[in-house]
S.K.: 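Below you will find the structure I want to go over with you.
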Amino acid sequence: MTADFLIIGSGIAGLSLAIRAAQHGSVICLSKGEFMESNTAWAQGGIAAVIPEGLRDPGDTTENHIADTLDAGAGLCKEAVVRSIIQEAANTIDDLVHYGVAFDHENGAFSLCKEGGHSHRRILHTRDTTGYAIATALLETARKTPNLTLLENHFAIDLITTGKLGMVTDDRVLGAYVLHRETGEVEVYRSDRVILASGGCGKVYLYTTNPDSATGDGVAMAWRAGADIANMEFVQFHPTCFYNPAASGPEARSFLVSEAVRGEGAILINHKGEDFTLRHDPRGSLAPRDIVARAIDYEIKRTGAPCVYLDVRHKPPGFMAERFPFIYSTLLKFGLDCEKQPIPVVPAAHYHCGGVVADVSGRTTLRGLYAIGEVACTGLHGANRLASNSLLEGNVMARRCLDEMLAHANPSRGVMEEIDIPAWEYGDTAAPDELVVIYHNWDEIRRLMWDYVSIVRTDNRLRRAATRLKNLKKEVREFYWGHRVNADILELRNLVAVASLIVDCALRRRESRGLHYTTDHPGLKPKPVDTILRKF
Ligand code: FAD
Ligand code: SIN
């Protein structure tokens with residue numbers, strides 16, 4: 001399989017790029033599972049944008065949005081990147097409307113809501129299923145786009161580079177090995193522009209708001225191929241994941257209650273009904289996420305209660321069903337009427353601010369490799385992402401990435417097409433009784449990350465995690481090389497790699513900044529620096 005553009009991922013970043021790139025050459029866009037299994041499709045709150053005057057919240061400006069983003073990022077945002085992405089926000093909304101996303105309206109104008117860390121109402125949304133609306137519109141557009149091949153259940157295993165083939169030349173990407181999950185065959189996909197749009201890695205943690213597909217494959221692949229990785233320690237925990245110990249099934253365990261609910265007036269209370277967040281920040285329940293998640297963690301440890309509560313009982317009857325129908329009806333399905341009962345919530349891993357080092361156009365440190373969306377670390381989010389800036393980043397980076405690729409065609413393309421890429425070598429078939437090792441290790445990684453590397457960290461716990469992960473990595477490596485690959489083995493291999501990178505970065509940061517909080521180094525260092533991991 002050969003294409004001018006090989007895109008790994010079908011969330012907002014991957015599909016936005018695929019639709020545009022197909023006007024300039026052949027595109028293959030892969031999704032390791034079903035197309036709609038992505039963080040994008042699960043997004044609830046919306047997309048942050050300061051829209052034209054007259055339509056926006058009076059007094060809001062792009063400068064305000066930039067300032068809020070920088071403030072949330074705790075000194076580590078790259079201001080030029082923040083400006084560049086946020087200034088494109090209104091164009092992104094135009095794009096999405098053009099693809100058919102029906103954002104909600106109120107009194108003839110876009111309905112705008114607020115989330116933590118935002119000084120104004122500026123989140124456009126489609127009720128509480130904004131991501132589903134975006135993913136559906138992009139997928140429908142993509143399906144009608146000529147020159148674009150969409151392949152579900154195609155799992156990218158590893159990048160193919162000249163370096164890996166032992167060629168003495170500037171290292172660059174030539175394509176990827178891809179597992180077709182239905183046939184079990186691994187094929188070579190060739191392209192001199194490979195774009196990682198593979199999303200985040202919430203599944204590294206036991207409790208997460210992310211779908212099962214979020215196993216950090218892009219970061220792991222890029223690292224193995226030699227690209228720089230940065231700021232992996234900044235894992236964002238969303239403050240309000242539904243706490244439902246009686247639940248069974250992943251939907252129940254990972255159900256998010258959008259921050260937009262707090263934007264509409266819900267408040268966090270403890271089991272005594274106290275608004276404890278005000279003890280941590282004057283913005284209370286609407287402080288940036290790192291602060292609110294830490295406040296909850298503190299409150300849970302202080303009181304010994306298993307959760308805190310999100311209280312919307314003061315809103316008028318019918319409000320939740322009208323404004324947040326998905327959340328309202330899902331909670332009802334789990335037996336909770338949020339108009340009458342406070343919603344039990346706990347923080348859960350939600351978003352990854354670190355990732356593959358990339359500029360705003362997605363250019364990584366490895367030639368021919370681009371990274372866009374959540375997999376990338378551009379400097380937009382710094383040490384903590386401002387709510388609803390992520391869908392925005394995915395769309396803006398897709399536009400910029402295409403411009404960059406078109407402006408810099410690869411001069412040695414003809415030569416590269418002649419390079420002989422070896423076929424995949426299959427290991428032995430896995431004996432079914434050994435598969436239990438995969439499930440055991442998967443569970444162990446996620447549990448140890450939750451216990452040792454979550455909201456509040458210590459050197460001791462991080463070192464313990466590092467030692468255990470080293471052993472797990474060895475076990476997984478032996479398993480990987482000894483068996484025929486399948487999606488479970490591949491995800492386990494990527495999970496252990498990403499968990500190790502998170503711990504490695506966390507051990508290097510000897511301060512508490514944004515999402516990285518350690519009781520051993522509670523202060524801020526005077527100069528903010530990125531944690532960069534370089535393989536070669
Ligand atoms: P994704 O949408 O995650 O897409 C990744 C794609 O890569 C998937 O198609 C997956 O199958 C594919 N993939 C991964 N690995 C491989 C592989 N090895 N081979 C082939 N394909 C692969 N952000 C906001 O801005 N606003 C919100 O309101 C909001 N709400 C959220 C609510 C929830 C519950 C969650 C989980 C996240 C939310 N976020 C929100 C964050 C936001 O949704 C994501 O950061 C964003 O959608 C990421 O987009 P993406 O295109 O980078 O990746
Ligand atoms: C939410 O709806 O609370 C999620 C918003 C985000 O992650 O940006």
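Both ligands and their constituent atoms are indexed starting at 1 by order of listing.
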S.K.: With sequence neighbours excluded, tell me which residues meet side chain to side chain contact (heavy atoms under 4.5 Å, CB included) with Asp158.
M.R.: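 Partners of Asp158 by the side chain to side chain contact (heavy atoms under 4.5 Å, CB included) criterion, ordered by chain and then number, come out as Lys164, Met221, Arg224, Tyr480, Arg493.
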S.K.: Under 6.0 Å between ring centres: does that hold for Phe237 and Tyr205?
M.R.: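 Centroid distance Phe237-Tyr205: below 6.0 Å, so yes.
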S.K.: When the ring centroid of Tyr351 is compared with that of His238, is the distance short of 6.0 Å?
M.R.: no
S.K.: For ligand 2, what are the residues with a heavy-atom contact below 4.0 Å?
M.R.: Gln44, Gly45, Glu115, His238, Leu256, Ser258, Glu259, Arg289, His350, Arg385, Ala387, Ser388
S.K.: Do Asp275 and Thr277 have a side chain donor and acceptor closer than 3.5 Å?
M.R.: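 A donor-acceptor contact under 3.5 Å links the two side chains.
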S.K.: Show the numbers, then the answer: is there a salt bridge (Lys or Arg N to Asp or Glu O under 4.0 Å) between Asp57 and Arg122?
M.R.: CA-CA 7 Å; Asp57 194 10; Arg122 61 167 81 99; over 6 Å; no
S.K.: Under 6.0 Å between ring centres: does that hold for Tyr243 and Tyr207?
M.R.: no
S.K.: Tell me yes or no: between the side chains of His381 and Asn231, is some donor less than 3.5 Å from an acceptor?
M.R.: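 Judged by distance alone, the side chains do not pair up.
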S.K.: Around ligand 1, what residues show up once you keep those with a heavy atom under 4.0 Å from it?
M.R.: Ile8, Gly9, Ser10, Gly11, Ile12, Ala13, Leu30, Ser31, Lys32, Glu37, Ser38, Asn39, Thr40, Trp42, Ala43, Gln44, Gly45, Gly46, His154, Phe155, Ala156, Ala197, Ser198, Gly199, Thr209, Asn210, Asp217, Met221, Leu256, His350, Tyr351, Gly373, Glu374, Arg385, Ser388, Asn389, Ser390, Leu391
S.K.: Test of understanding: with side chain to side chain contact (heavy atoms under 4.5 Å, CB included), list the residues that count as partners of Leu286, not counting sequence neighbours.
M.R.: Arg262
S.K.: Out of Arg363, Arg399, Arg193, which one pairs with Glu404 under the salt bridge (charged side-chain N to carboxylate O under 4.0 Å, His left out) rule?
M.R.: Arg363
